[in-house]
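This report refers to the structure that appears directly beneath it.
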Amino acid sequence: MAANSLNRAKQAVRTQVWDALTAADAVHDSSVHGRIPHFKGAEQAAARLAGLPAWQRAGVVKAVPDKAQLPVRARALEEGKTVYMAVPKLATLKPFYLLDPATLTIPPTEAAASRTAAAIAPTVEVDALRPLDLIVLGSVAVNRDGARIGKGAGYSDIEFALLTEAGLVTPETIVVTTVHALQVTQTPIPTTEHDVGVDLIVTPDQTITCPNPHRPSGVDWSALTTEKIATIPALVARQGA
């Protein structure tokens, strides 16, 4: 599928899900279009995730900064897990915030909020991260095969690629997304080589295990424009290494 057709097909799925969430009054956002949905039931999804063996085994978690995943980040810190969270748009050479529960001086629920984390947490380079046991992604839509799409900026895929190249994502690393049931779509989701699939989908009421989700092996430079690379210092550094 040509890039433009693929992007149109992805956007059609996003719009379908955003419309369904809006019609069902299933989000906290005044307008969900263009966002990772802050879905109602996010706390229940986080609690369901926390009951899974993959979560209980995990000591190091990389999580998105979106509001829907705030309960996941807070619970991780409460349970003594180290949490890494990306700097917005990966805009600094040290593109991850380090939230270490052993050094927090404020409650985990406060520390896990993206704005607070930005104010209190040190930033670290990719190579300074510890190997990741669990990666928590936000999604607009996901299907039972593990294919997912975000809001279209592509940063989650770039983060994953950088972390994979650094040896921090292993075959044992579990990739999870927490979503509303309406975000689990039957519509085929077109994917490319650089799109990250998920092992587990967790809704407030259900856990779905995905068969053989796709994982990129590293940065797909051919999919990145010179302009995009220039805005992400970690990519510039890796390209020049």
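The structure displayed is predicted, hence computed values, not measured ones.
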Do the side chain of Gln56 and the main chain of Ala50 share a donor and acceptor less than 3.5 angstrom apart? yes
Is the backbone of Ala111 close enough, under 3.5 Å, to the side chain of Thr116 for a donor and an acceptor to pair up by distance? no
For a 4.5 angstrom cut-off between non-hydrogen side-chain atoms, does Gln206 reach Ile201? no
CG/Leu70 to OG1/Thr109 distance, rounded to the nearest 0.5 angstrom? 7.0 Å
Chi angles and distances behind the side chain to side chain donor-acceptor pair (under 3.5 Å) call for Thr192, His194: CA-CA 5 Å; Thr192 63; His194 61 264; 3.2 Å; yes
So, does Arg48 use its side chain to make a donor-acceptor pair with the main chain of Asp205 at under 3.5 Å? yes
Do Leu134 and Lys62 have side chains that approach each other closer than 4.5 Å (heavy atoms only, starting at C-beta)? no
All heavy atoms of Ala166 vs all of Asp127, minimum pair found to be CB-OD1, 3.7 Å
Side chain to side chain contact (heavy atoms under 4.5 Å, CB included) evaluation trace for Leu137 with Phe160: CA-CA 10 Å; Leu137 299 179; Phe160 191 94; 5.8 Å; no
Taking Gln69 for its side chain and Thr178 for its backbone only, find out whether a donor-acceptor pair lies under 3.5 Å. yes
Linking I/L/V/M/F/W/Y whenever any side-chain heavy atoms sit under 4.5 Å apart, do Leu99 and Ile135 land together? no
Is the closest basic N to carboxylate O distance between Asp66 and Arg35 below 4.0 Å? no
For the pair Lys94 (side chain) and Pro122 (backbone), establish whether a donor and an acceptor sit closer than 3.5 Å, ignoring hydrogens and angles. no
I need the minimum non-hydrogen distance between Ile189 and Ile149, along with the two atoms involved. CG2-CG2, 3.9 Å
Quick one: pull up NE2 in His38 and NE2 in His28 and give me the separation to the nearest 0.5 Å. 4.5 Å
Side chain proximity check, Leu200 to Ile208, heavy atoms < 4.5 angstrom: no
How many angstroms lie between CD1 in Ile120 and CZ in Arg115, if you round to the nearest 0.5 Å? 15.0 Å
Same hydrophobic cluster for Val198 and Leu168, using side-chain heavy-atom links shorter than 4.5 Å among ILVMFWY? yes
At their closest point, which heavy atom of Glu165 faces which heavy atom of Gly218, and how far apart are they? CG-CA, 3.6 Å
When rounded to the nearest 0.5 angstrom, what is the spacing between CZ in Arg73 and NZ in Lys81? 15.5 Å
Please tell me if the side chains of Ile158 and Val219 come closer than 4.5 Å, counting only heavy atoms from C-beta onward. no
Kindly compute the distance separating CZ (Arg144) from SG (Cys210), expressed to the nearest 0.5 Å. 8.5 Å
Lys10, NZ atom: more than 12 neighbouring heavy atoms under 6.0 Å: yes
Say whether, by atom type as modelled, one donor and one acceptor occur between the side chain of Asp133 and the main chain of Gly59 under 3.5 angstrom. yes
Hphob cluster co-occupancy, Val136 + Val202, side-chain heavy atoms under 4.5 angstrom: yes
Give the minimum heavy-atom separation between Val13 and Pro188, together with the two atoms involved. CG2-O, 4.0 Å
Could you verify whether a donor N or O on one side chain and an acceptor N or O on the other, from Ser139 and Gln183, lie under 3.5 Å apart? no
Please confirm whether the backbone N or O of Val175 pairs with a side-chain atom of Asp199, one donor and one acceptor, at under 3.5 Å? yes
Kindly determine whether Ser222 and Asp220 satisfy side chain to side chain donor-acceptor pair (under 3.5 Å), including the steps that lead there. CA-CA 5 Å; Ser222 66; Asp220 182 0; 2.6 Å; yes
Geometric cation-pi criterion, Lys151 with Trp18: 6.0 Å, 45°: no
Verify side chain to side chain contact (heavy atoms under 4.5 Å, CB included) between Leu90 and Glu159, making sure each step is shown before the conclusion. CA-CA 8 Å; Leu90 303 172; Glu159 285 173 40; 3.5 Å; yes
Taking all non-hydrogen atoms of both residues into account, name the closest pair between Ala234 and Leu93 and its distance. N-CD1, 4.2 Å
Consider only side-chain heavy atoms of I, L, V, M, F, W and Y, link residues closer than 4.5 Å, and tell whether Tyr155 and Val236 are in one cluster. yes
In terms of side-chain geometry, is the basic nitrogen of Arg14 or Asp19 positioned less than 4.0 Å from the acidic oxygen of its partner? no
Nearest heavy-atom neighbours spanning Leu132 and Leu163: CD1-CD1, 3.7 Å
Applying side chain to side chain contact (heavy atoms under 4.5 Å, CB included), run through Leu162 and Leu235 and close with a yes or a no. CA-CA 8 Å; Leu162 282 167; Leu235 280 179; 3.9 Å; yes
Working for side chain to side chain contact (heavy atoms under 4.5 Å, CB included), residues Glu110 and Leu104: CA-CA 10 Å; Glu110 290 180 34; Leu104 289 181; over 6 Å; no
Side chain to side chain, Val124 and Tyr84, heavy atoms closer than 4.5 Å: yes
Say whether, by atom type as modelled, one donor and one acceptor occur between the side chain of Arg148 and the main chain of Gly197 under 3.5 angstrom. no
Check for a donor-acceptor pair, side chain of Thr203 on one end and backbone N or O of His180 on the other, with a separation under 3.5 Å. no
Side-chain heavy atoms of Glu125 within contact of Phe96, under 4.5 Å: no
Taking atom NZ as the centre, does Lys228 end up with more than 12 heavy-atom neighbours from other residues, nucleotides or ligands that are less than 6.0 angstrom away? yes
Check whether any side-chain heavy atom of Val196 sits under 4.5 Å from a side-chain heavy atom of Ser156, and report yes or no. no
Is it true that Asp100 and Arg130 have a side-chain N and a carboxylate O under 4.0 angstrom from each other? no
Check for a donor-acceptor pair, side chain of Lys40 on one end and backbone N or O of Asp25 on the other, with a separation under 3.5 Å. yes
Can Val169 be reached from Val83 by stepping across I, L, V, M, F, W or Y side chains whose heavy atoms are under 4.5 Å apart? no
Quick one: does Thr82's side chain get under 4.5 Å of Leu98's, heavy atoms only? yes
